[in-house]
A.B. asks: 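Mind having a look at this structure? Questions to follow.
Residue numbers begin at 1 in each chain, while the letters A, B, ... track the order of the sequences.
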Amino acid sequence: MSETATASPWGAKLRLQAMIGTGMVMFVFITMHLANLTLGLVSLQTMEDWRPTLSGVWSNFAVLKYLLQGSLVVHFLLALYSLYHRNTLKVPPYDMAQMVAGVLIIPLLGMHVFGVMAIRGLGLEPTYMVVLGQFWIVSPLNGLQQIVMLVVAWIHGAIGVYTWLQSRDGSARLMKFFYPFVVALPILAMLGYVEAGRQIIPIDEGGMGMVLENDPNELGPTVDPEMIPVIIEQAKQRPILATQISLGLVALVLAARWLRLYMRDRGRVRVTYAGRRPASFVSDTGLTLLEMVHANNLPHANVCRGRGRCGTCRVRVLRGGENLSPPDDIEAKVLARWNAEPNERLACQIKPHEGDLEVERVIQADYSDLDYSKTQKATSPVKATS
Amino acid sequence: MMGFLRIFLTVLLLCGFTQIAQAQMVPSSGGETETAIPDPSPNDVKEFLRLLGDPSVQEWIKDSATEDGTLDDAPVLTFREQVDARLASIAARAQSLALAWNILPRMPMVMADVWEAELTHAQKVRSATYVLTFLLIGLGLEWLYRQFMQLPLLRVEQAPKDAPTEKLVGAVMRAAIIFAGLGIFAVGSIGAFKSFDWHPLVEALVLDFLVMVLMFRIVTTVSLFFQAPHAPELRLVPYGSPVARYLHGIVRVLALSIVLALALSFMLNRVAFMREMDMGGSVTAVALAQTVALAFVVVLVTWASIWIAFRRVPNLCEDDLETRNLRFWRNYLFVLVGIVFATWLVGLFGVMWAILIVGLVVPGLKLMTAWIDHFFDQSTAALQDEHRAEAQAVLDAFNAKEIEGDVMEGEAAPEVPEFADPYATARPIVQRGARFVLLMGAVFLLATAWGVNIFNLSADRSVLGRILEVFIDSVVALLLADLVWTWAKTVIDKRIDDYEPPVDGQAPGPEARMFTLLPLLRTILMVTLLIMVSLSVLNAAGVNIAPILAGAGIMGIAIGFGTQSLVRDIVAGIFFLIDDAFRLGEYIEVGDLMGTVESISVRSMRIRHHRGKVHTVPYGELKSLTNHSRDWVIMKLEFRVPFDTDLQLVKKLIKKVGAELQANEHYGPSILSTLKSQGVRRMEEFNMVVGVKFMTKPGEQWLVRRDAYQKVRDIFDANGIRMAERNVKVEIEGGGHLTEEQKQAAAGAAQNAAQGPEGPPKAIPDEP
């Protein structure tokens, strides 16, 4: 359970870094891929010209190819692991969006990935002419699916990067660039996709349209004609298989998680918030304090949404603190960074036990008293001498 | 509380039905005209040109044109013909409904055929792709905007708010932030979409959907503005979070169903309209059947929402609601929705609008009143709390002092002023103003629904137009008069209520005259307003009011001559009162009359002389008026002392008396400048005249004078200063031989000769 996290902080840290690293690899890939789509706003030809540079590198270079595939698998498994350890599914909207998007990515992505692989299998080059023709003309439903997939994958990735960036120092300046980027790129990519489609559709309908210069696929499929139906059948079956496996794993993990939560002993804890906006509620134990607060619709500051990185959810424990387990490494580090008093804890890390707990917010829910100059960085000389 | 539930349902209903009805009316009427007129053939055109060139035809056109150049050959329908036409249109509607009913089972098939023929599968899916793409673009841009507005929004939502005005400001700010986001969403989705060229049908369909999404979001944002389900600090309606969340959910469901029905209805009508030319009337019937089915679904959803809301919300509320009342309003809404749907079904759109608008205005007015009352109640309560806290602080401070022993013996606890509601005047005015706006809005809506141009009614000679014109003019006049009257009455009544009659023996304040003037003003205003309203209503109804005005004018002149002095009295009185020339209880002098003002009426005032005589003085008679009771009075006294008096001593003694007077506990505080010597004022034959003066508040001078005389005499006596007495020195030359009696007699005779005979004393103003 979560005790494993405290028992092996090294493992937790490694997991976190692996998660971020694999995620970043895929984020870079998607970014380049979308940048390629964006060029559709100029013309299909430009899009095609840049394809080897922006998208092709990920399939032509074996290192990058395996890195990407490995990242996908590792990221997925790690996500399943953390899903298993989630105490509640009533999470903040951003986390919920990220979770749902993460589950959806593989079912949505399968068709595209295996389709492109099938095109290669046929001995064709997956030019945008072919792929977009597939999406806009042959099977428009697939095209619709791709738009959904683009958004879902981008949302998942962007939330991940956003959360990672936010808990780093000096994030405020980075965010100024990150927000416009995170919106502009998919929008431009979608517009590029639509515009490229508008260039392709008239050809199908017998009108004038865009034709590639020196199309590598002029000669048609180079593979043995008998193999063509087999390959196409494979391309149809594989995505279904991938979807089944991924969803089956998610379902399995959810069931295991439910079992774990069912087995744990539960009690009731009464939590009282003192200070400004006092409140009091009774909750099941086993959740973190922040999760309890969210479950009861109370406002609470939390920039990193319960990842134990930002330190904005700190509370001053006034009563009942003796039952809490001592801070683990992650929490202790954050508390030290904020020069926290001994009775201050992170709401997202403490799990109140049965009984009473009285706490007080250190930072108000509207962040009106959030002051980054109080962190250790600002006062580090003092800290160093003491 | 349950009133607020109604407002949302009713507003939604209103939106929903207007749209459905428009969706139904607009395309179908357009379709009919399009099919009825095929393009003219070349021969027809040639014939038309020939006819235009014909002089006799030109003459006829000229004759039949009216002054303003339009052809006026629209036959004036009699009432019977109008009823016939109305019945015929109902019958036609019933026929097309019957056809639609027959087609209903085959509808999906026919629609699918049309759909398939008009748009290929690829095109349909592509349309969906476009809708999704452009929605996402809009949402992405809005998200970006929200990211930058996140902190201000959070501050607005979370900052504690005490007074309702703060709440309102917060809610408005939040709504502004969200609406700006919606604007960005609209520009991002619809704007981006419009910047490409599209296949016309695809464009129309995608645009319909984007607009409908925008509408849905606007409705939910408005609901958010009032209910604020997740930000209790910003909630404007008087119920708790569970109810707000629940109602917000219902609003969303209702809005979603209505918007979906609208979008589908638009889409189907568009497709049907495009296909109509080659397929004949059956597609119109199918489209009608679709629309009816959709409208029916919307009605069902609405009924379900009303039912569920009225069932569930009372359980979520903290306080008990009156079951009978609730049931009445639930049934009312049920029936209203049913009737509106029925009238729409038979095609009586005008009637439908009338029923809908009137049916909604009635509960809407009650709701609005309740809401404004609630708002003001909250404001007042917040202020009262503040006031109470302040008063408590003052009392606490006093108590603390008392415990410490700092309080002087006999010092009373500090008086806490009564709480005065600052909104007492504003409330009725706001109520009336809001009612005015709501009613005018309803009238405008009604006029628009009936296709009547409200600003051009005088040009409309139809019966309906006339009736509407009279109605609107009268209503506007009545509402405006009511607004003015309410405002004036509230203000005047409040001032009259605030007037405190003076305590006995004290001079009244300046408000006293207003106490006289205000009821008069109120009456004058009421009469004026009544006359103006009745005249304008009569005028609107077509009664010629010129004779009435002329008659009133002649009567006015006659009465004016007859009551010239009366009018002069009243007008003069008003100005005297405005000038604040006198107040009740003041001592005044008018011409040769003087006394205390005892009563002030519209025409005259009554003065009581200090000896009891009562004078009645019409204001018109007043040329000038002397007021003895204003601010201060100087009184000068004189003493006659012999020439050998020590003037320094006199000055000192007078000063001493002055100090004594000032120290008097009764009238001391009223002395503004105490008694002091002015030195010798003049020399007379046998003595000097020493002048003294003092200044007091009006009305106190008599008492002070009395004491001053007495004290001065006593102190002079004690210090050996005699008052000069008139004495006649009689020297009798060579009168040494006279006896004492003879001398006395001679002196008496000489005195008489010197003084002259004693006359009655001249009247001098005496103290009252």
A.B. asks: For B:Lys194, which residues count as a salt bridge (charged side-chain N to carboxylate O under 4.0 Å, His left out) partner, sequence neighbours excluded?
C.D. replies: B:Glu203
A.B. asks: A quick test of your reading: do over 12 heavy atoms of other residues, nucleotides or ligands sit less than 6.0 Å from CZ of B:Arg311?
C.D. replies: no
A.B. asks: Restricting to non-hydrogen atoms, name the atom on A:Val183 and the atom on B:Trp143 that form the minimum distance, rounded to 0.1 Å.
C.D. replies: CG2-CE3, 3.4 Å
A.B. asks: At a 4.5 Å cut-off on heavy atoms, which part of B:Arg146 comes close to chain A: side chain, backbone, both, or neither?
C.D. replies: neither
A.B. asks: Could you grab the distance from atom CG of B:Leu132 to atom CD of A:Gln145, nearest 0.5 Å is fine?
C.D. replies: 12.0 Å
A.B. asks: What distance separates B:Leu136 CG from A:Met190 CE, expressed to the nearest 0.5 Å?
C.D. replies: 4.5 Å
A.B. asks: Assess whether side-chain contact (heavy atoms from CB on, under 4.5 Å) is satisfied between B:Gln147 and A:Tyr162, documenting all intermediate values.
C.D. replies: CA-CA 12 Å; B:Gln147 250 7 71; A:Tyr162 167 83; 3.6 Å; yes
A.B. asks: Does any heavy atom of chain A fall under 4.5 Å from the side chain of B:Leu139, the backbone, both, or neither of them?
C.D. replies: neither
A.B. asks: Can you list every pair that meets salt bridge (charged side-chain N to carboxylate O under 4.0 Å, His left out) and has a residue in residues 208-222 of chain B, with sequence neighbours left out?
C.D. replies: B:Glu142-B:Arg217, B:Asp208-B:Arg270
A.B. asks: State which residue, out of A:Leu144, A:Ile187, A:Val151, A:Ile147, fulfils the side-chain contact (heavy atoms from CB on, under 4.5 Å) condition with B:Thr133.
C.D. replies: A:Ile147
